[in-house]
Every structure is written in structure tokens, then in C-alpha cells.
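What follows is a single structure, written as C-alpha cells, with notes after it.
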Amino acid sequence: VDSAIITYWQNGRIVLEKHTDDIDIQDRSMTTELSQEDTLLFDEKGDVKMQIKVKLTNGKVIPSNDMYASVKDVLNKEVM
């Protein structure tokens, strides 16, 4: 993998993107962390659609299938 982007989409718009520097890329997995500031960007009324797009070292770009996550409501929006 040459580079990667994880896109988080909700309510018809891109809410957040994580790029290669923010992603831990292993053999067959990718992980990233979301801060409190990141998660507070999501609307608690609706799922978040996610997609990973990778650029291979040969220049080929491959998108993943869409993935979905539920968002839970938080009563206190203060960042700790």
C-alpha cells in the first residue's frame, strides 16, 4: 500500500477523513483512532458510512465496499 484514505460520510456529506499518516497499515488490516473531537462531528441521528480507498505501489487505486457504524447520543458534548 502506497497511501490510504478512510472517508466517513453522513447526511449527504463527508464529515471526516483520515489519511495515511493517521492509519496503522498492517498486512491485511488498517486501523485508525478517532478522538473525542472527531466523534463529536457525527450527528447522533443516523449511521455513518465509511469507505477505505487505497493506492497500491503499482499505482492502482482500490475502494472498499461501504461499511456502516451506528452513532450513539452523548448527553454532555464537552471534550475531556
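No experiment lies behind these values; they were computed from the predicted model shown. No hydrogens, no waters, no symmetry mates; every other heavy atom, side chains included, goes into these values. By convention here, the first residue in the shown sequence is residue 1.
Of all heavy-atom pairs spanning Asp66 and Lys49, the tightest one is OD2-CD, 3.4 Å. In terms of heavy atoms, Gln10 sits closest to Val71 at NE2-CG2, 3.9 Å. Closest non-hydrogen pair, Met67 versus Ser64, comes out as CE-OG, 3.7 Å. Considering every non-hydrogen atom in both Ile62 and Leu56, the closest pair reads CD1-CD1, 3.6 Å.
Summarising the local packing, CG of Asn58 is surrounded by more than 12 heavy atoms from other residues, nucleotides or ligands at distances under 6.0 Å. Dense packing is recorded around CD of Glu44, with more than 12 heavy atoms of other residues, nucleotides or ligands lying under 6.0 Å away.
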- Under the side-chain contact (heavy atoms from CB on, under 4.5 Å) rule, what do Val15 and Phe42 come out as? Steps first, then yes or no, please. CA-CA 7 Å; Val15 177; Phe42 300 118; 3.7 Å; yes
- Start with the C-alpha gap between Leu34 and Tyr8, add the side-chain angles, then the distance that decides, and say whether side-chain contact (heavy atoms from CB on, under 4.5 Å) holds. CA-CA 11 Å; Leu34 299 180; Tyr8 300 85; 3.8 Å; yes
- Item | Val54 and Lys60: CA distance, side-chain angles, deciding distance, side-chain contact (heavy atoms from CB on, under 4.5 Å) verdict | CA-CA 8 Å; Val54 298; Lys60 187 174 182 179; over 6 Å; no
- Please report the C-alpha distance between Asp24 and Met30 in whole Å, then the side-chain angles of each, then the deciding distance to 0.1 Å, and finally whether the side-chain contact (heavy atoms from CB on, under 4.5 Å) criterion is met. CA-CA 6 Å; Asp24 180 21; Met30 294 183 183; over 6 Å; no
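Here the straight-line distance linking atom CG of Leu41 with atom CD1 of Ile14 works out to 13.0 Å at 0.5 Å rounding. Atom OG1 in Thr32 sits 5.0 Å away from atom CD1 in Ile6 (nearest 0.5 Å). Ser3 contributes atom OG, which lies 9.0 Å from atom CD1 of Ile23 (distance to the nearest 0.5 angstrom). Rounding to the nearest 0.5 Å gives a distance of 10.5 Å between CG of Asn11 and NZ of Lys45.
Remark: the backbone N or O of Gln36 is paired with a side-chain donor or acceptor of Thr39 at under 3.5 angstrom. Counting only distance, with no hydrogens or angles, the side chain of Thr20 and the backbone of Ala4 share a donor-acceptor pair below 3.5 Å.
In terms of hydrophobic clustering, with Ile, Leu, Val, Met, Phe, Trp and Tyr side chains grouped at heavy-atom distances under 4.5 Å, Met50 and Ile52 are assigned to a common cluster.
Across Gln51, Lys18, Glu17, a single residue satisfies side-chain contact (heavy atoms from CB on, under 4.5 Å) together with Ile5, and that is Glu17.
A search for salt bridge (Lys or Arg N to Asp or Glu O under 4.0 Å) contacts involving Asp27 returns nothing, not counting sequence neighbours.
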